[in-house]
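In what follows, a single structure is set out as structure tokens and then discussed.
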Amino acid sequence: MPLLLLPLRLAWRVFSRVAGALMLPVSGAVWCLRLLRHGADIRAAEVVVLMTRFSGFGNSIQGPDAARRMYRGKRCVFIAPYWNFKNNPEFNPFVTRLWSDIKVILLPRFAWAVQYKHRAISIPFVRGHDRMIVKLTKGMARLLAGKDVIFKDMVEVYKEALPRGTENTEADGFSLPRVSSAESRSAWKDYELEVGYMFILMRTGKMIPIRLPDAMREDMENRTQEAWRNAGGAGTAKLCCLYLRFEHRESYTTRLRNSSTVEDHLAAIRLLNEAGYQVLLTGDREIDPAIRREFSGRFIDSDSISVDKNLFQLFAATEADIFIGNNGGGITPALANGTPGLYLDWYPIYMGYPNSWFYFKTISTSEGKMVAPEELITKHAYDLFCSFGVLKNITSEEIRDAVACFIEDVEDPQSSDPYAHVAALFPEDTPFRLSGARLSPAWVRRYFQDSPEQAGSQSVTEQGLVSSRVDG
């Protein structure tokens, strides 16, 4: 069998390269024609941003949001290619409807392509195709909008934030420490996109919220509120988007960020309902029929109100009063809108965002001994792949306690952080520290009880961090 595979591989290499070379000019011509369909928007643009290296739901929102923030006040067009796979689309088709201050254009690549293990095998090869469309898009932008138009690759937009973030002093008063150690530089490189976006969020502050068109919003609001009233809810419900991430693919780094089950969140959902929140489930988990019957309209997903799943995902994430979720693309609308967020089962702990609270996954050694929280923060913050231990999802009780604290915290999100002295244990050049991210009070109380306080003379017990659960 191995002897038979060798000529087959050789034949494929020859065929794919010849076919790719022949098809590449055709793909380029089709790309230009598709750009011309949006010629009026490009002609009016002052800035054109092209995103080729990143894909997926999160990037389809993070990319345009970063571009409109970096070029606030300019007429900006954002363009991204995608694979037109019917069963597994790269982008939510309603994403282009969210924006009022930037034009978002998503164009399919003209190529023969199939999916294999979450990758695209294409003719022409994607790398050559995308190098070509960068040059073509730049040329078309200059042709239509004039030589003064600003053309940027999305990578350049993120990198524009990063060099300024490594300076000791800033002209605009935004002062950040230098990235110095080898492990720090490695982590920054691996999370370059996320770190760049974090800096952009911090520098630009509030923007026009991203929202679906009014007619869509009104229909969705009527459906969700009707479900709330039918379930016995009083008045107008506040909305909590619950994003639970779970990818089935056999990828170690993917599994590091997967969520706890829906069942593990039920106690917390009851607390949210009692506080007047209707909980809208997005992401990869599904509501079991028995749970659907128990909660009725107090805990819903797209099936509960008979709407398109893609539309529901965007409505829930952009209209939410508060956001609860895991580390994945589904958190991006909340970040873009500045929605207060509680991030559960979070890993890597290195990353953080403004206006956010974090409760980390439980981490133990290979022998089963729990990694001390001080050691986790001070020694392992840069370890993005948990090479030092084994990750375990948090329990239902932990989720409930974290949500109980969050409900209290969002009543006054601008109040001082009572556990800032614990967050200060993070190395100063970590995004968690730089962003002003907060530790969930429930996490501090559970895992720092009886630990000495590192930033002062008082013990953690004397700081009031001894409670291992939140009073309910």
Side-chain angles (χ1 to χ4, degrees), residues 54-59 61-62 88 90 92 115 117-119 187 190-191 193-194 240-269 279-288 291 299 301-302 309 313 316-317 323-335 341-353 356-366 368 370-371 376 380-381 383-403 406 431-432 437 440 442-443 447:
F54 315 115
S55 63
F57 174 78
N59 287 307
I61 294 177
Q62 182 171 306
N88 187 23
E90 281 191 283
N92 186 313
Q115 278 187 304
K117 293 184 177 180
H118 299 275
R119 293 188 176 186
D190 286 338
Y191 263 63
L193 184 156
E194 290 83 358
C240 170
C241 179
L242 176 62
Y243 165 67
L244 298 184
R245 180 188 191 278
F246 187 83
E247 287 200 34
H248 296 275
R249 57 177 167 153
E250 291 299 314
S251 165
Y252 176 69
T253 55
T254 293
R255 293 197 301 270
L256 289 176
R257 298 181 287 134
N258 279 343
S259 72
S260 300
T261 65
V262 170
E263 289 75 12
D264 287 328
H265 290 79
L266 295 183
I269 292 169
V279 181
L280 281 59
L281 178 67
T282 66
D284 307 304
R285 301 283 193 180
E286 296 180 354
I287 302 177
D288 181 87
I291 296 173
F299 176 38
D301 60 9
S302 59
K309 183 176 181 179
Q313 298 259 11
F323 186 93
I324 299 173
N326 319 119
N327 188 1
I331 73 174
T332 315
L335 298 176
L342 170 65
Y343 298 101
L344 302 170
D345 278 312
W346 187 260
Y347 199 85
I349 69 168
Y350 165 83
M351 199 61 217
Y353 292 101
S356 303
W357 287 254
F358 294 85
Y359 198 113
F360 307 127
K361 286 181 181 282
T362 302
I363 305 176
S364 59
T365 64
S366 56
M370 181 179 164
V371 177
L376 177 65
H380 301 299
D383 192 326
L384 307 183
F385 308 107
C386 198
S387 62
F388 60 94
V390 179
L391 292 175
K392 181 181 178 183
N393 284 350
I394 59 179
T395 66
S396 176
E397 182 183 13
E398 289 179 279
I399 295 170
R400 178 192 179 279
D401 289 352
V403 169
F406 184 53
F432 192 96
S440 167
W443 187 82
Y447 292 112

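- Every residue was checked against the side chain to side chain contact (heavy atoms under 4.5 Å, CB included) condition with Glu286, not counting sequence neighbours, and none meets it.
- The closest donor-acceptor contact from the side chain of Tyr347 to the backbone of Cys386 lies under 3.5 Å.
- Contact check for Val262 versus Asp288: no side-chain heavy atoms found under the 4.5 Å cut-off.
- Scanning for side chain to side chain donor-acceptor pair (under 3.5 Å) contacts around Asp345 gives Ser260, with sequence neighbours left out.
- One N or O on the side chain of Ser396 and one on the backbone of Asp264 form a donor-acceptor pair closer than 3.5 Å.
- For Phe54, the ring-ring contact (aromatic ring centres under 6.0 Å, His included) test picks out no residue, with sequence neighbours left out.
- Put simply, the side chain of Ser356 does not reach to within 4.5 Å of the side chain of Phe432, judged on heavy atoms.
- Partners of Thr282 according to the side chain to side chain donor-acceptor pair (under 3.5 Å) rule, which considers only residues two or more places apart in sequence or in another chain, do not exist here.
- When side chains are defined from C-beta on, Asn393 counts as touching Lys361, because their heavy atoms get closer than 4.5 Å.
- The ring-ring contact (aromatic ring centres under 6.0 Å, His included) test applied to Phe246 returns His248, not counting sequence neighbours.
- Pairing each heavy atom of Tyr191 with each of Pro348, the nearest pair is OH-CD, 3.2 Å.
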Side chain to side chain contact (heavy atoms under 4.5 Å, CB included) evaluation trace for Thr362 with Ile394: CA-CA 6 Å; Thr362 302; Ile394 59 179; 4.1 Å; yes
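- Contacts of Thr395 classified as side chain to side chain donor-acceptor pair (under 3.5 Å), with partners at least two apart in sequence or in another chain: Glu398.
- We find the CD1-CG distance between Ile269 and Leu281 to be 7.5 Å, quoted to the nearest 0.5 Å.
- Taken to the nearest 0.5 Å, the CE atom of Met351 stands 10.5 Å off from the CG atom of Leu384.
- In this structure, the separation between CG on Leu266 and OG1 on Thr261 is 7.5 Å, given to the nearest 0.5 Å.
- For Trp357, the side chain to side chain donor-acceptor pair (under 3.5 Å) partners two or more places apart in sequence, or in a different chain, are Asp409.
- Rounding to the nearest 0.5 Å gives a distance of 7.0 Å between CD1 of Ile61 and CG of Asn92.
- Residues that satisfy the side chain to side chain contact (heavy atoms under 4.5 Å, CB included) test with Lys309, not counting sequence neighbours, are Ser302, Gln313.
- Qualifying salt bridge (Lys or Arg N to Asp or Glu O under 4.0 Å) partners for Asp383, counting only residues two or more places apart in sequence or in other chains: none.
- In terms of modelled atom types and a separation under 3.5 Å, the side chain of Asn327 and the main chain of Trp346 share no donor-acceptor contact.
- Among all heavy-atom pairs drawn from Arg245 and Arg257, the shortest one is NH2-NH2, 3.0 Å.
- Ring geometry, Phe323 versus Tyr343: the interplanar angle falls from 30° to 60°, so the pair is classed tilted.
- Looking at Arg285 and Ser259, their side chains come closer than 4.5 Å, going by heavy atoms from C-beta outward.
- Residues satisfying the ring-ring contact (aromatic ring centres under 6.0 Å, His included) test with Phe299, not counting sequence neighbours, are Phe295.
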Step-by-step side chain to side chain contact (heavy atoms under 4.5 Å, CB included) determination, Leu376 to Tyr447: CA-CA 11 Å; Leu376 177 65; Tyr447 292 112; over 6 Å; no
Step by step, would you call Ile324 with His265 a side chain to side chain contact (heavy atoms under 4.5 Å, CB included)? CA-CA 11 Å; Ile324 299 173; His265 290 79; 5.5 Å; no
Any chance you could lay out the side chain to side chain contact (heavy atoms under 4.5 Å, CB included) test for Ile331 and Tyr243, step after step, and finish with the verdict? CA-CA 7 Å; Ile331 73 174; Tyr243 165 67; 3.9 Å; yes
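- Of all heavy-atom pairs spanning Ile363 and Gly389, the tightest one is CG2-CA, 4.3 Å.
- Interatomic distance, OG of Ser366 versus CZ of Phe388, reported as 12.0 Å (0.5 Å rounding).
- Summarising the geometry of Asn326 relative to Leu344, their closest heavy-atom pair is ND2-O, 3.1 Å, with the distance given to 0.1 Å.
- Aromatic pair Phe358/Trp443: ring centres not closer than 6.0 Å.
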